[in-house]
**Q** 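Handing you a structure now.
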Amino acid sequence: MTLLGKGFGRLDDAEVIVKQANVPVAEFEAYSADVTAYIGRDHKMFIAGEWRHAVEGKTLPVFDPATGNEHGHIPAGGPMDIDLAVDAARRAFESPEWSRMKPADRQQLMLNLADLVEKNFDELVELETRDNGKPIGESQIDVNGVAGLMRYMAGWATKIDGRTTNVSVPGDHFAYTTKEPVGVVGAIIPWNFPLGMASWKIVPALVTGCTIVLKPAEQTSLSVLRLAELAEEVGFPKGVLNVVTGTGTSAGAALASHPGIDKIAFTGSTGIGRTIAHAAADTLARVTLELGGKSPVIVLADSDTAAAAQGAAGAIFFNQGQVCTAGSRLYVHQDIYDEVIADVAAIADGIRLAPGVAPGCQMGPLISSEQQVRVEDYIDIGISEGASVATSADSKPDAGFFVRPTVLADTSDEMRVVNEEIFGPVLVAAPFKDETAVIEVANASNFGLSASIWSNDLRKVHRMVPRIRAGIVWVNTHNPVDPSLPFGGVKHSGYGRELGPEQLDAYLETKSVWMSY
Ligand code: ADP
Ligand code: MG
C-alpha cells in the first residue's frame, strides 16, 4: 500500500497535490486502536539502552493538530537527562562491541532496521500523520524515504576508505590516511518531517560508527521514540542511539552546548541555528546546519504553463508549506503571469483540507496553534503591505490548526512576506521581465537553500543554473529528494550537506599515518 513504490519518496510537484486525492486512505483504519494506544502510553526516553522517564519526572503535552486536542505526553528531558545520554553515547562509542564491529555488520544492522521500518509501515505512517497532521499520502512518502535512506547509506558502511600517498620528504616513508568516526553526535531536529529528519541524522551517524544523542522536536517525538524501539529490536548495542525528548531551551540547549559532543547536526530555524553555532564556538564541536529558506520558483515564458502552475502549487503546498525548500516565492515572466497566477490560485482553492487520516484529504493542519497564528499573521501582514490575495476559497475544518492555501500576488521586493520565511501554505508572486532581472530578485534573499526553474529552453536553463545562489536547483520540478544527491544550502540556509556520499564527511575525521622504515 505504498504511494510511490519502495524507493525513496519522490516529492514531485504536481503529483503531490493532485495524486493525493488518490491516496489509498480507505485501506487505512483511521484512528486505529494500536496507534491510539501507543500515543496514549506513558512514554519514556531511550538512554543507554534503557527506557526511562526524565530525571526530574516532568512531562510535556502533545497535541493532535487535526483536532487541537491533547493526545499524549512525552518526558520533558533536561540537562541531567542529556548528561546521562551523552555519557552513554561516549561509553558506547568506546566500547569494543561498537568500535570494533565490522563494517559489514553495521551495514547489516542498518538493513535490518530498514526491514523493520517496512514491516511496521502502516503503523509508522498513521502515527506520523496523527502526531504531525500531514496527509497519509505524505507520511507514506516519508516512511518510504526513511527505509530508502537506510538501504542506501547501509552500503556506505563498507566503503569508507583512506588512501596511500607518496610523500617527498627525505628518507623512506610509507604514508596513508584512515577515516575514523567523529565520535558522539548531538542531533536536533524539527517537527516537519519527524521520522525523515531523524533518519537523516541517525543513519549516517551509525553507518560511520559514531554514536548519537537525538533530540526530536517537542511537538513530534512519538514516531521517533517508536523508531528507537525498532532500533532496539534490531540489536544496535546499548547507548549507540539515545533519544532525549524535551524542549529546545532545556534539552536542546543542553545538548548543543555539551562538552562531550564531538559533532552537532541541526535542522531547524535560522535563528536557533545561530544559537547553536554560538554554543559550538565554545566546545569546538563540528557543526552542520540545515536552516530556513525562501526558495524562488522561476517560470520562464517558454515553459509549459499548466505544468508550471501545477508544479508551483506543489512546490509551496506540499506538507502544508512546512518545508525548508518550499517554493515560497513565485516569479513568472510577465507575458504569462496572469495566466499562471490564476491557475495556481485555482489549484489552491481546489485543495481539500481535512485531518490527515480522512479519505480525500489533500492538505492537513499545520503543526500547532502557534504556527497557525504565525502564518495567519503573515497573510494579514502581506495584505497590509499591499499584496493582492489571488485565492478566495474559505472552507476548512472547524477544529484543528488549519490554514487555507493562500496566494499573495503582485508582491514587491521590500515586503516582509517576500523576505521572511513563513513556513506555511502561503505563496508570494510577482512578474519579471527578463532573465537578468529574475536572477537578481531570486538571489536577493538572505536564504540560499533551493530554487526551481521552469522552462523548455535548455540554453536558458544552463545559463541560469550557475547564477543562482542556492544549494539545490531543480528544473521543471521542485522538492524531489534522493539519498544519493546532497541536500543543503548556502548563506543563511546553513552549511554542510546531508545525503549522498558528501554527508559522510561530516561524520568522519581523517587521520594521517606516517611510517619511516
Ligand atoms: P520552530 O520554532 O519552527 O520549532 P526551531 O528551530 O525553534 O524551529 O526548532 C527546531 C529544533 O530546535 C527543535 O527540536 C527545538 O526544540 C530545537 N530548539 C529550539 N530552541 C533551541 C535552543 N535554544 N537550543 C537548542 N535547540 C533548540
Ligand atoms: Mg523555535
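Not measured: the values here are computed from a predicted model. Every number for a ligand or one of its atoms is a count from 1 in the order of the listing.
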**Q** Does the side chain of R90 reach to within under 4.5 Å of the side chain of D262, using non-hydrogen atoms?
**A** yes
**Q** Do V418 and K294 come close enough that some side-chain heavy atom pair is under 4.5 Å?
**A** no
**Q** Taking 4.0 Å as the limit for heavy-atom contacts, which would you say applies to Q371 with ligand 1: side chain only, backbone only, both, or neither?
**A** neither
**Q** Do me a favour and list the nearest non-hydrogen protein atom to atom 7 (O) of ligand 1 with residue, atom name and distance?
**A** I272 CG1, 3.4 Å
**Q** With a 4.0 Å cut-off, would you call K134 and D142 a salt bridge?
**A** yes
**Q** Is any N or O atom of G246, backbone or side chain, closer than 3.5 Å to an N or O atom of ligand 1?
**A** no
**Q** Any N/O of K215 closer than 3.5 Å to an N/O of ligand 1?
**A** yes
**Q** Step by step, work out the ring pair (Phe, Tyr, Trp, His ring centres under 6.0 Å) result for F193 and W200.
**A** CA-CA 10 Å; F193 296 95; W200 286 28; 8.2 Å; no
**Q** Flag atom 9 (O) of ligand 1 as yes if some protein heavy-atom distance to it falls below 4.0 Å, otherwise no.
**A** no
**Q** Can you tell me how far the CD atom of E420 sits from the OG atom of S328, to the nearest 0.5 Å?
**A** 12.0 Å
**Q** Quick one: nearest non-hydrogen protein atom to atom 15 (C) of ligand 1, plus distance?
**A** E218 OE1, 3.6 Å
**Q** Can you find a protein heavy atom under 4.0 Å from atom 2 (O) of ligand 1?
**A** no
**Q** For the side chain to side chain donor-acceptor pair (under 3.5 Å) test, which of K201, K263, E498 pairs with T288?
**A** K263
**Q** So if I count the atoms of ligand 1 from 1 in the order they appear, which ones are less than 4.0 Å from some heavy atom of F266?
**A** 6 (O), 11 (C), 12 (O)
**Q** Polar-atom distance check: T247 versus ligand 1, any N or O pair below 3.5 Å?
**A** no
**Q** Could you tell me which atoms of ligand 1, counted from 1 in the order shown, lie closer than 4.0 angstrom to a heavy atom of A253?
**A** 24 (N), 25 (C)
**Q** Using only atom types and a distance under 3.5 Å, with no angle test, would you say the side chain of E138 pairs donor to acceptor with the backbone of F318?
**A** no
**Q** Would you say T208 and W156 make side-chain contact, with heavy atoms under 4.5 Å?
**A** no
**Q** Is there a polar contact between ligand 1 and G248, counting only N or O atoms under 3.5 Å apart?
**A** yes
**Q** Which atoms of ligand 1 sit under 4.0 Å from any heavy atom of G268?
**A** 6 (O)
**Q** Return all side-chain donor-acceptor pairs below 3.5 angstrom for residues 233-244, not counting sequence neighbours, or 'none' if the list is empty.
**A**
residue	atom	partner	partner atom	Å
N242	OD1	A48	N	2.8
N242	ND2	I212	O	3.2
N242	ND2	G239	O	2.8

**Q** For D398, does the CG atom have more than 12 heavy-atom neighbours from other residues, nucleotides or ligands under 6.0 Å away?
**A** no
**Q** Report the residues that fulfil ring-ring contact (aromatic ring centres under 6.0 Å, His included) with F423, sequence neighbours left out, ordered by chain and then residue number.
**A** W191
**Q** Quick one: look at I189 and ligand 1, take heavy-atom pairs under 4.0 Å, and tell me if it's side chain, backbone, both or neither.
**A** backbone
**Q** Any N/O of W191 closer than 3.5 Å to an N/O of ligand 1?
**A** yes
**Q** How far is atom 6 (O) of ligand 1 from its nearest protein heavy atom, and which residue and atom is that?
**A** S269 OG, 2.6 Å
**Q** Suppose we measure from atom 17 (C) of ligand 1 to each protein heavy atom; which comes out shortest, and what is that distance?
**A** I188 CG2, 3.6 Å
**Q** How far is atom 25 (C) of ligand 1 from its nearest protein heavy atom, and which residue and atom name does that atom have?
**A** G252 C, 3.2 Å
